[in-house]
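Following: one structure in structure tokens, then a few remarks.
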Amino acid sequence: MKKKIFSACFAAAVSFAPSLSAAPIEIKFSHVVADDTPKGQMALKFKELAEERLPGKVEVKVYPNSQLFTDNKVLEAMLLGDVQMAAPSLSKFESYTPRLQIYDLPFLFRDMEAVERFQQGPVGQGMLTSMADKGLFGLGYLHNGLKQLSASEPLRVPSDAAGKKFRIQASDVLHAQFEAIDAVALKKPFSEVFTLLQTRAIDGQENTWSNIYSQNFYEVQPYITESNHGVIDYMVVTSTDFWDGLDDEVRLELKKSLDEALVYGNNLAEKIAERDKQNIIDSKRSKVIELSEEERQQWVDAMKPVWNSFADDIGHDALEAAELANSNQ
Ligand code: LMR
């Protein structure tokens with residue numbers, strides 16, 4: 001009899017199992033760029049891998065193009081639990097740590113290989129956890145690429161930019177960089193840049209080839225100077241509360257999925273940059289200006305003194321590590 005009752009209970013429990021199973025963990029991934037960019041593609045790959053590895057356990061919702069949060073709001077939203085993952089550019093963490101300001105120093109990294117070496121080295125890896133006390137946890141880096149200057153007038157030498165208004169990301173280093181060439185820098189969210197350019201409220205902006213192309217900046221900026229004067233890369237972040245609250249298996253599989261998605265996105269970054277530069281050239285909407293060695297040196301000489309004002313806050317160890325990364329070490 002006892003056995004019968006037990007079996008009946010067991011059967012009932014099994015038949016109720018689906019309705020008792022926990023709802024999937026919702027992971028909102030908010031970003032500000034288009035899907036067809038390194039970040040857009042990486043986020044979609046992460047969704048695919050995470051949902052494949054953790055079927056029914058997680059649901060990743062990717063919100064591109066500032067649909068959910070603009071870049072100056074997303075980190076606050078993350079700390080409030082309204083979004084679980086994001087990959088802001090490294091320029092957007094200034095109020096959480098001065099360490100990441102290093103990425104905005106003009107003409108610091110020789111090329112993207114040097115950036116990669118720096119990020120994978122001990123100092124770069126240490127920066128991932130540099131905001132843990134503020135509740136933000138870095139899960140990895142993603143490349144976009146080197147920055148170019150776009151404008152309504154041709155910019156060949158720094159004096160061409162004097163008096164002109166440029167949109168910048170919310171970064172004091174970038175502000176100082178434009179001040180150093182006597183230009184006016186305005187901190188504005190990425191989502192507002194196209195309209196600011198189109199209405200001529202500003203004269204120019206700095207960004208990567210993929211952002212200039214995918215946001216149609218090239219359609220309203222007749223000149224792009226190939227200056228390669230800085231970098232836009234990303235840190236994928238989550239909140240320590242969310243991350244620590246996951247069970248071990250989920251956390252591990254999410255991290256594995258993200259690591260793979262980052263490799264995928266990083267492999268795409270250079271190809272997308274080349275493709276979008278060519279797309280812009282082919283469009284004939286914007287003229288790409290190549291600088292002579294001598295012209296480029298003028299930008300270096302004008303902007304590089306900015307380093308001195310930020311070196312102490314960033315930390316000299318980080319600057320030394322960047323130098324090593326430039327020399328292939
Ligand atoms: C910008 O604000 O210009 C970029 O950081 C946007 C992005 O995420 O690439």
Side-chain angles (χ1 to χ4, degrees), residues 29-44 46 62-75 77-78 83 85-96 100-106 112 115 119 138-151 165-175 177-178 185-198 202-218 220-221 224 227-237 261-262 265-266 268-270 272-273 276-277 280:
F29 192 136
S30 170
H31 70 81
V32 298
V33 293
D35 280 335
D36 195 10
T37 58
K39 183 157 56 182
Q41 290 295 298
M42 181 281 291
L44 292 173
F46 168 68
V62 178
Y63 298 88
N65 282 317
S66 310
Q67 273 167 17
L68 192 61
F69 291 107
T70 57
D71 42 14
N72 55 348
K73 288 278 181 294
V74 73
L75 294 175
M78 183 169 281
V83 59
M85 287 176 79
S89 102
L90 296 163
S91 316
K92 292 174 184 165
F93 291 96
E94 199 168 73
S95 48
Y96 298 90
L100 296 182
Q101 288 183 321
I102 190 164
Y103 290 101
D104 283 341
L105 296 180
M112 291 308 291
V115 176
Q119 290 174 346
L139 295 166
Y141 289 104
L142 175 71
H143 298 311
N144 184 330
L146 296 173
K147 283 186 292 191
Q148 321 303 336
L149 283 165
S150 76
K165 290 193 197 125
F166 290 85
R167 175 270 175 171
I168 54 165
Q169 304 175 79
S171 152
D172 287 349
V173 180
L174 299 179
H175 196 270
Q177 170 194 277
F178 279 100
L186 301 163
K187 294 179 180 173
K188 295 285 179 189
F190 187 59
S191 55
E192 291 177 22
V193 183
F194 179 82
T195 306
L196 289 167
L197 294 171
Q198 189 187 35
I202 56 173
D203 303 293
Q205 62 87 47
E206 51 166 21
N207 232 304
T208 58
W209 292 114
S210 71
N211 282 346
I212 295 173
Y213 183 67
S214 59
Q215 299 295 319
N216 301 323
F217 298 163
Y218 72 102
V220 288
Q221 290 275 268
I224 303 173
S227 50
N228 291 323
H229 63 283
V231 63
I232 290 190
D233 262 20
Y234 308 110
M235 187 184 285
V236 181
V237 279
L262 290 175
N266 281 335
L268 277 179
E270 200 184 328
I272 291 180
D276 288 350
K277 176 183 168 188
I280 291 169

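Counting starts at 1 for both ligands and their atoms, in listed order. Quick caveat, the model's predicted, so the values are computed rather than measured.
In this structure, the protein non-hydrogen atom closest to atom 5 (O) of ligand 1 is Q169 OE1, 2.7 Å. Looking from atom 9 (O) of ligand 1 to the surrounding protein, the closest heavy atom is Y234 OH, 2.5 Å.
Without hydrogens or angle criteria, D203 side chain to A151 main chain gives no donor-acceptor distance under 3.5 Å. In this structure, the side chain of T70 does not engage the main chain of S66 through any donor-acceptor pair within 3.5 Å. Looking only at distances, a side-chain donor or acceptor of D71 sits under 3.5 Å from a matching main-chain atom of F190. Proximity of a side-chain donor or acceptor of K39 to a complementary backbone N or O of A87 within less than 3.5 Å is detected. Counting only distance, with no hydrogens or angles, the side chain of R167 and the backbone of Q205 share no donor-acceptor pair below 3.5 Å.
Residue V32 has at least one heavy-atom neighbour below 4.0 Å for each of these atoms of ligand 1: 6 (C), 7 (C), 8 (O). Within the listing of ligand 1, atoms 5 (O) sit less than 4.0 angstrom from a heavy atom of S89. Heavy-atom proximity to D71, at under 4.0 Å, picks out these atoms of ligand 1: 2 (O). Listed by atom number, the atoms of ligand 1 under 4.0 Å from V33 heavy atoms are 7 (C), 8 (O), 9 (O).
At a heavy-atom distance under 4.0 Å, only side-chain atoms of N207, from C-beta outward, approach ligand 1. Here V193 has no heavy atoms under 4.0 Å from ligand 1, in either its backbone or its side chain. For K39, every heavy-atom contact with ligand 1 shorter than 4.0 Å involves the side chain, none the backbone. Proximity of T208 to ligand 1, defined as any heavy-atom pair under 4.0 Å, is not found for any part of the residue.
Checking Q148 against N207 by side-chain atom types alone, no donor-acceptor pair falls below 3.5 Å. For the residue pair Q119 and D233, a side-chain donor N or O sits within less than 3.5 Å of a side-chain acceptor on the partner.
For atom 3 (O) of ligand 1, the nearest non-hydrogen atom from the set K188, R167, E206, K92 comes from R167.
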Checklist entry - Under the side-chain hydrogen bond (donor to acceptor under 3.5 Å, both in side chains) criterion, do D35 and Q41 qualify, and how do the steps go? => result CA-CA 6 Å; D35 280 335; Q41 290 295 298; over 6 Å; no

